[in-house]
K.L.:
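Just dropping this structure here.
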Amino acid sequence: EKGAAVSTRQDTDSTGRPVSRVVKKGVKDFNFGRTLGEGSYSTVLAATDRQTLREYAIKVLDKRHIIKEKKVKYVNIEKDTLNRLTEHPGIVRLYYTFQDERSLYFVLDLASGGELLGVLKKMTTFDEECTRFYGAQILDSIDYMHSRGVIYRDLKPENVLLDDQMHVKITDFGTAKILDIRSRQRSDHDDSGASAGDPLDGAETDRAVSFVGTAEYVSPELLTDKNACKASDLWAFGCIVYQLLAGRPPFKAGNEYQTFQKIVALDYNFPAGFPEVARDLIQRLLVLDPAARLPIAHIKSHKFFEGIQWGEGLWKQKAPRLK
Ligand SMILES: NC(=O)c1nn(CC2CCNCC2)c2c1CCc1cnc(N=C3C=CCC=C3)nc1-2
């Protein structure tokens with residue numbers, strides 16, 4: 001299904017012989033529904049394939065706006081990243097793309113359960129079992145991204161969606177960074193070097209700052225030396241595990257600048273009663289030096305994730321009832 005949006009239609013030729021014609025799917029093949037999200041140059045809509053009745057999320061990107069705002073690189077990076085990350089249950093999948101004179105269309109998995117953040121707000125906090133399950137699915141997805149040479153760079157609960165089984169579906173790769181082949185062989189933390197995929201490379205590098213994620217989850221190295229590395233995603237992961245258990249992120253102040261000051265000063269505390277084992281894990285992730293953060297293999301074997309079945313089993317089991 002990947003690549004061009006094609007379907008085949010049985011037809012007959014002029015002599016009445018049966019032929020199957022390749023027909024490109026287009027806007028007319030879908031019933032568009034509610035708006036799921038809006039970006040500066042894109043809108044994401046729920047849509048149903050009129051032939052198969054399958055539901056998708058279709059990201060509609062305005063061509064004129066992309067060119068005017070010099071976002072072509074971002075769009076290409078997003079598409080290239082999505083095309084690399086096709087074999088993991090925790091990542092929203094790009095099935096195919098098509099275009100018309102005005103827009104580009106990305107046909108993606110629909111995550112009908114909405115945002116993890118929305119569920120957390122309803123629950124106030126997650127218990128340890130739910131935090132363990134959702135933390136494990138997020139970590140497994142990050143592990144896969146890194147193994148494919150992708151740094152996500154903007155991990156936050158708003159981008160962790162849930163499918164109809166309440167399993168994780170990470171989305172929105174418009175700010176991801178694709179590492180060049182060379183750096184993929186290097187270890188987790190020292191690949192903040194050259195990258196083929198930083199959307200602000202090339203024309204935009206005259207700006208002092210490259211992409212910076214969402215304030216509460218941005219890593220100290222992104223604030224100090226402007227470069228993200230794989231370990232930057234593990235900093236954000238530590239912030240998310242803290243937030244699931246505490247009901248709020250570890251670094252949050254009155255404004256972005258004050259939040260950044262707390263981050264670079266490692267100024268955070270655990271609320272009373274915060275589970276000891278989770279505390280130990282978070283203290284090994286929220287470390288200023290990216291090279292000193294726990295690598296993924298060690299996170300997976302940390303006591304907090306004791307009992308988690310890593311690999312396919314994690315995605316086949318029922319999601320715990322949120323309580
Ligand atoms: N930017 C995107 O690529 C994107 N944005 N959304 C909706 C955003 C809403 C705000 N938080 C981040 C996601 C999506 C996608 C991909 C594909 C995608 C698939 N399913 C959903 N599902 C939703 C269901 C309910 C509420 C929000 C999203 N959403 C998306």
Side-chain angles (χ1 to χ4, degrees), residues 1-2 5 30-49 54-63 65-66 69 71-86 88-99 103-123 134 137-138 141-142 144-145 150-178 197 199 211 213-218 233 236-237 239-240 243-244 249 319 322:
E1 278 186 333
K2 226 162 55 60
F30 296 92
N31 284 331
F32 286 86
R34 66 185 173 131
T35 299
L36 300 169
E38 314 242 16
S40 55
Y41 52 87
S42 66
T43 301
V44 182
L45 299 162
T48 306
D49 182 318
R54 236 186 103 168
E55 284 190 299
Y56 294 96
I58 297 187
K59 188 169 188 173
V60 186
L61 301 103
D62 183 282
K63 282 186 193 173
H65 195 136
I66 291 171
E69 301 291 314
K71 299 286 182 187
V72 175
K73 261 193 171 184
Y74 275 96
V75 174
N76 290 333
I77 285 180
E78 179 171 13
K79 187 173 174 185
D80 294 348
T81 306
L82 285 164
N83 280 330
R84 273 175 187 234
L85 304 176
T86 55
H88 196 279
I91 292 168
V92 159
R93 187 170 157 194
L94 173 64
Y95 292 95
Y96 48 78
T97 63
F98 53 83
Q99 58 182 301
S103 307
L104 301 174
Y105 299 84
F106 289 10
V107 180
L108 298 148
D109 270 327
L110 171 67
S112 51
E115 297 175 4
L116 180 67
L117 181 68
V119 175
L120 178 64
K121 280 184 176 163
K122 265 190 226 139
M123 311 291 299
Y134 285 104
Q137 289 208 332
I138 294 168
S141 307
I142 297 170
Y144 173 73
M145 284 183 223
V150 171
I151 303 178
Y152 185 72
R153 293 208 294 185
D154 193 17
L155 190 64
K156 54 187 176 181
E158 296 89 322
N159 286 342
V160 179
L161 300 180
L162 299 166
D163 66 13
D164 54 356
Q165 303 301 314
M166 293 303 274
H167 280 193
V168 156
K169 279 277 181 213
I170 293 177
T171 190
D172 200 349
F173 289 83
T175 51
K177 185 172 179 178
I178 300 178
F211 167 76
T214 305
E216 287 78 10
Y217 309 91
V218 77
D233 286 339
F237 174 71
C239 292
I240 290 177
Q243 182 171 359
L244 294 179
L322 288 160

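The residues of the chain are indexed from 1 along the displayed sequence. In each ligand, atom 1 is the first atom listed, and ligand 1 is the first ligand listed. These numbers come from the heavy atoms of this one structure, side chains and all, not from hydrogens, waters or symmetry mates. What you are looking at is a predicted structure, and each value in this text was computed from that prediction instead of being measured.
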K.L.:
Nearest protein heavy-atom contact for atom 18 (C) of ligand 1: which residue, which atom, what distance?
P.N.:
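The closest heavy atom on the protein side is Ala57 CB, 3.7 Å.
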
K.L.:
Counting heavy atoms only, which of Leu162, Asp109, Leu116, Val44 comes nearest to atom 19 (C) of ligand 1?
P.N.:
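Heavy atom nearest to atom 19 (C) of ligand 1 belongs to Asp109.
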
K.L.:
Got the closest protein heavy atom to atom 26 (C) of ligand 1, with its distance?
P.N.:
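Heavy-atom neighbour on the protein nearest atom 26 (C) of ligand 1: Gly114 CA, 3.9 Å.
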
K.L.:
Just let me know how Ala111 lines up against ligand 1, side chain, backbone, both or neither, with a heavy-atom cut-off below 4.0 Å.
P.N.:
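The answer is both, backbone and side chain.
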
K.L.:
In the protein, what heavy atom is nearest to atom 15 (C) of ligand 1, and what distance, to one decimal place, separates them?
P.N.:
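Ranked first by proximity to atom 15 (C) of ligand 1 is Thr171 OG1, 3.2 Å.
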
K.L.:
Would you give the length of the straight line joining atom CZ of Phe106 to atom CG of Asn83, rounded to the nearest 0.5 angstrom?
P.N.:
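These two atoms lie 8.5 Å from each other.
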
K.L.:
Quick test: of every protein heavy atom, which one is nearest to atom 12 (C) of ligand 1, and how far off is it to 0.1 Å?
P.N.:
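Checking every protein heavy atom, the shortest distance to atom 12 (C) of ligand 1 gives Glu158 O, 3.1 Å.
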
K.L.:
Please report the C-alpha distance between Ser42 and Lys59 in whole Å, then the side-chain angles of each, then the deciding distance to 0.1 Å, and finally whether the side-chain hydrogen bond (donor to acceptor under 3.5 Å, both in side chains) criterion is met.
P.N.:
CA-CA 7 Å; Ser42 66; Lys59 188 169 188 173; 4.5 Å; no

K.L.:
Given Lys156, Arg93, Glu115, which one has a non-hydrogen atom that is nearest to atom 10 (C) of ligand 1?
P.N.:
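Nearest option to atom 10 (C) of ligand 1, by heavy atoms: Glu115.
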
K.L.:
How far is atom 3 (O) of ligand 1 from the closest protein heavy atom, and which atom is that?
P.N.:
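Residue, atom and distance for the closest contact: Lys59 NZ, 3.0 Å.
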
K.L.:
If every non-hydrogen atom of Leu36 is compared with every non-hydrogen atom of Leu45, which pair is closest and at what distance?
P.N.:
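Taking every non-hydrogen atom into account, CD1-C, 3.9 Å.
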
K.L.:
Which protein non-hydrogen atom lies closest to atom 9 (C) of ligand 1, naming both residue and atom, and how far is it?
P.N.:
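Its nearest protein heavy-atom neighbour is Leu36 O, 3.4 Å.
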
K.L.:
Side-chain polar contacts of residues 157-166 - donor-acceptor pairs under 3.5 angstrom, sequence neighbours left out - could you list them?
P.N.:
from: Asn159; atom 1: ND2; to: Tyr152; atom 2: OH; distance (Å): 3.2
from: Asn159; atom 1: ND2; to: Asp154; atom 2: O; distance (Å): 3.3
from: Asp163; atom 1: OD1; to: Gln165; atom 2: N; distance (Å): 2.8
from: Asp163; atom 1: OD1; to: Met166; atom 2: N; distance (Å): 3.0
from: Asp163; atom 1: OD1; to: His167; atom 2: N; distance (Å): 2.8

K.L.:
Cationic tip of Arg54 within the cone over Tyr95's six-membered ring, i.e. under 6.0 Å and within 45° of the normal?
P.N.:
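Yes, Arg54 sits over the ring of Tyr95.
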
K.L.:
If the condition is ring pair (Phe, Tyr, Trp, His ring centres under 6.0 Å), which residues does Tyr134 pass it with, not counting sequence neighbours?
P.N.:
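With sequence neighbours excluded, Tyr134 shows a ring pair (Phe, Tyr, Trp, His ring centres under 6.0 Å) to Phe126, given in chain and number order.
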
K.L.:
Among all protein non-hydrogen atoms, which one is nearest to atom 29 (N) of ligand 1, and what is the separation to 0.1 Å?
P.N.:
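In this structure, atom 29 (N) of ligand 1 has Leu161 CD1, 3.4 Å as its nearest protein heavy atom.
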
